[in-house]
Amino acid sequence: MLRPIWLWLTASLVFLAVLVLAEYVVRLQELHAREAMRAKQMASLTELRTAIESDLNATLYLGGGLVSFIRARPDASQGDIDALMADIYHNSHHLTHLVTSPNLVIRDIYPLTPSNANVLGLDYRKVPAQWPAVEAAIAARRTVIDGPVRLVQGGTAIISRTPVFLPGGKLWGMVGMVLDLDAVLADSGFHRLSSQFALRLVNPDKKDSLIAGVDKLPSAQFNLPVRVLGDTWQLQASPLEAPSSSLLSHAVALLVALLAAIMVYLILAEHRKVQFLAHHDTLTGLPNRRHFIGQLEQVLSQWRQRRRPFALFYLDLNGFKGINDQYGHQMGDAVLVEVAKRLRQAARGHDLVARIGGDEFVLLLSDLASTKDADDAARRFCLAVQKPMSLQGHTLVVKVAIGRARPGQGRDDADGLIRQADMAMYRQKTELTS
Ligand SMILES: Nc1nc2c(ncn2[C@@H]2O[C@H](COP(=O)(O)OP(=O)(O)OP(=O)(O)O)[C@@H](O)[C@H]2O)c(=O)[nH]1
């Protein structure tokens, strides 16, 4: 029969196994949720990157038209160039102004506002703040993006400077475009996404100098290249909200494991109860005939192999029917319980006491040193039962008859030996009565 410790052990194992499995499922779900969230974040940032790129490049490519026009018609009148500059300005969204500087001296600005009119006639070579960028663009023979710079009229801007080389290779001068960076970022959704991400736009070619966004980002989880003409900037981002692990899911996993363990414990406990009832007498709690025969068969098989001595006694109460008749059935039950208790107390550790009938008990002593031991035990059992017992306000003395079976003197199977002991008991009872 299952021992209680096994019930606890099995239930604990089930608890652990189910908990590990449930936690695995919860972790898997969390991982999926995190991956889905990351994909969503990546999609938002890619959309932002594309918006910035297309906005800036579309405007800067329009400037390319002006450069091509000058290259094709270096002798075009200022009026023609002004008309083209106006056209470009009105076809772009975020252009603050355009500048043309033949021979590196600012000649035209569109639109010509009072604030920038005073830079007309400025020679780049004489402005230390601007000359390095102009010189770099000439050396690279391509458009160089500079900025961000604070505009006199407010906001930040980026400046594109394109050197214009005539077909013979001679430098004509520069074409400059000033773009309102704040407006580009606002339209692209940069500020809107700043509520979800710590965002920054940097120029890696200039030691990660900041173009827009937060000053510092210790570990950017997203890094997207933003291509602006020939330059590549970096859009760096880290989500502001860390993915949270759901406490509720872990609590549910724990609960499921606990319920599984409780269910297994109850099923095993019920199974144990059924097993106990099948092998025990409900009144006295002693093993019943079925259990006794099973044990006796084991002892018999050892006896057959090694002749290991054992003793089997059949013990019957005398005049038990009279107790029932005189004091009632309940008193009879109490006597049976008391007898069972006394027999159990008189038995040694590995002796087996069972109740196999109304007032009939059997005793199996499987570890005997000698025949004398068996006689002593029989006496001990009889004396134990025959001591006066006080039950329900009455004092009773219950006498017993006992008989012993001796293997090797008849049928040596379990039923045969029990019958032999029964008959020996019956002989003693008849002798006592007569
Ligand atoms: N109270 C009670 N009585 C039982 C139980 N099982 C059987 N009995 C009664 O026990 C009695 C046993 O009958 P007998 O073997 O004739 O009893 P006895 O009076 O001891 O007879 P002898 O053995 O010849 O001395 C019967 O009256 C049964 O009804 C039980 O569980 N409880």
Side-chain angles (χ1 to χ4, degrees), residues 1 270 272-297 310-347 351-365 374-407 409-411 413-434:
M1 200 165 61
E270 192 56 31
R272 188 172 183 272
K273 201 168 141 193
V274 170
Q275 264 196 329
F276 184 87
L277 289 177
H279 288 86
H280 289 80
D281 162 38
T282 44
L283 177 68
T284 60
L286 286 180
N288 60 13
R289 184 182 185 90
R290 185 178 177 187
H291 185 84
F292 186 81
I293 288 189
Q295 295 298 110
L296 178 57
E297 270 163 358
F310 70 91
L312 190 157
F313 293 107
Y314 202 107
L315 188 142
D316 185 283
L317 310 188
N318 293 339
F320 179 65
K321 187 173 177 303
I323 295 174
N324 267 342
D325 294 346
Q326 188 177 347
Y327 302 102
H329 212 264
Q330 271 191 348
M331 180 67 158
D333 282 357
V335 168
L336 291 172
V337 170
E338 180 64 20
V339 170
K341 187 176 127 198
R342 290 182 180 194
L343 288 176
R344 231 178 346 225
Q345 281 169 352
D351 296 345
L352 180 67
V353 181
R355 181 184 176 214
I356 62 168
D359 62 346
E360 291 150 21
F361 297 85
V362 277
L363 304 127
L364 180 64
L365 283 58
D375 295 338
D376 289 348
R379 216 166 297 124
R380 206 170 59 240
F381 288 125
C382 293
L383 283 174
V385 177
Q386 290 176 164
K387 274 188 193 154
M389 49 180 86
S390 297
L391 297 168
Q392 300 180 356
H394 301 281
T395 302
L396 303 177
V397 173
V398 179
K399 295 281 179 189
V400 296
I402 193 164
R404 182 180 171 192
R406 290 164 200 279
Q409 295 186 6
R411 262 180 63 193
D413 60 359
D415 279 334
L417 283 171
I418 292 172
R419 195 169 153 64
Q420 201 192 117
D422 183 13
M423 282 165 64
M425 179 280 298
Y426 189 72
R427 275 196 299 278
Q428 194 194 64
K429 191 172 279 232
T430 333
E431 278 166 24
L432 282 172
T433 323
S434 61

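Ligands are counted one by one from 1 in listed order, and the atoms in each one are counted from 1 as well. Only this structure's heavy atoms are used, side chains among them; waters, hydrogens and symmetry mates stay out.
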**Prompt:** Hey, which atoms in ligand 1 end up nearer than 4.0 Å to a heavy atom of Gly332?
**Reply:** 1 (N)
**Asked** Do ligand 1 and Leu317 have nitrogen or oxygen atoms that lie under 3.5 Å from each other?
**Response** yes
Under 3.5 Å donor-acceptor pairs involving side-chain atoms of residues 382-398, not counting sequence neighbours:
unit_1	atom_1	unit_2	atom_2	d
Gln386	OE1	Val400	N	3.0

**Prompt:** Nearest 0.5 Å, what's the CG-CZ distance between Asn288 and Phe276?
**Reply:** 9.5 Å
**Item:** Nearest-contact summary for atom 29 (O) of ligand 1 - protein heavy atom, Å
**Value:** Asn324 ND2, 4.4 Å
**Message:** Could you work out, for atom 5 (C) of ligand 1, the closest of Arg355, Met425, Gln330 by heavy-atom distance?
**Reply:** Arg355
**Asked** Got a salt bridge between Arg427 and Glu431, using NZ or NE/NH1/NH2 to carboxylate O under 4.0 Å?
**Response** no
**Message:** Could you identify the single nearest non-hydrogen protein atom to atom 7 (C) of ligand 1 and state the distance to 0.1 Å?
**Reply:** Gly358 CA, 3.4 Å
**Message:** Whether Asp415 and Arg289 form a salt bridge (side-chain N of Lys/Arg under 4.0 Å from carboxylate O of Asp/Glu) is what I want to check.
**Reply:** yes
**Asked** Considering all protein heavy atoms, does one lie under 4.0 Å from atom 26 (C) of ligand 1?
**Response** no
**Protein contact to atom 19 (O) of ligand 1 [nearest heavy atom, distance to 0.1 Å]** = Lys321 N, 2.8 Å
**Request:** Could you find the nearest protein heavy atom to atom 32 (N) of ligand 1 and give me its residue, atom name and distance?
**Result:** Asp333 OD1, 2.7 Å
**Request:** Find all atoms of ligand 1 within a distance of less than 4.0 Å from any non-hydrogen atom belonging to Asn318, and give their numbers and elements.
**Result:** 20 (O), 25 (O)
**Closest candidate by heavy atom, reference atom 15 (O) of ligand 1, pool Val400, Thr282, Asp359** = Asp359
**Prompt:** Quick one: CG on Asp281 to CZ on Arg355, what's the gap to the nearest 0.5 Å?
**Reply:** 4.5 Å
**Item:** Ile418 side chain reached by Ile356 side chain, heavy atoms, under 4.5 Å
**Value:** yes
**Prompt:** Any ion pair linking Asp376 and Arg379 (charged N to carboxylate O, less than 4.0 Å)?
**Reply:** yes
**Asked** Among protein heavy atoms, which sits nearest to atom 21 (O) of ligand 1, and what does the distance come to when rounded to 0.1 Å?
**Response** Gly319 N, 4.3 Å
**Per atom 22 (P) of ligand 1, closest listed option by heavy atom (Lys429, His329, Glu360, Lys399)** = Lys429
**Message:** Measuring only between side-chain heavy atoms, which start at C-beta, is Arg406 closer than 4.5 Å to Gln420?
**Reply:** yes
**Request:** Compute the minimum heavy-atom distance from Met331 to ligand 1 and say whether it is under 4.0 Å.
**Result:** no
**Message:** Any nitrogen or oxygen of Phe320, side chain or backbone, less than 3.5 Å from one on ligand 1?
**Reply:** yes
**Request:** Can you run down the ring-ring contact (aromatic ring centres under 6.0 Å, His included) pairs that involve residues 415-434, sequence neighbours left out, and say none if there aren't any?
**Result:** none
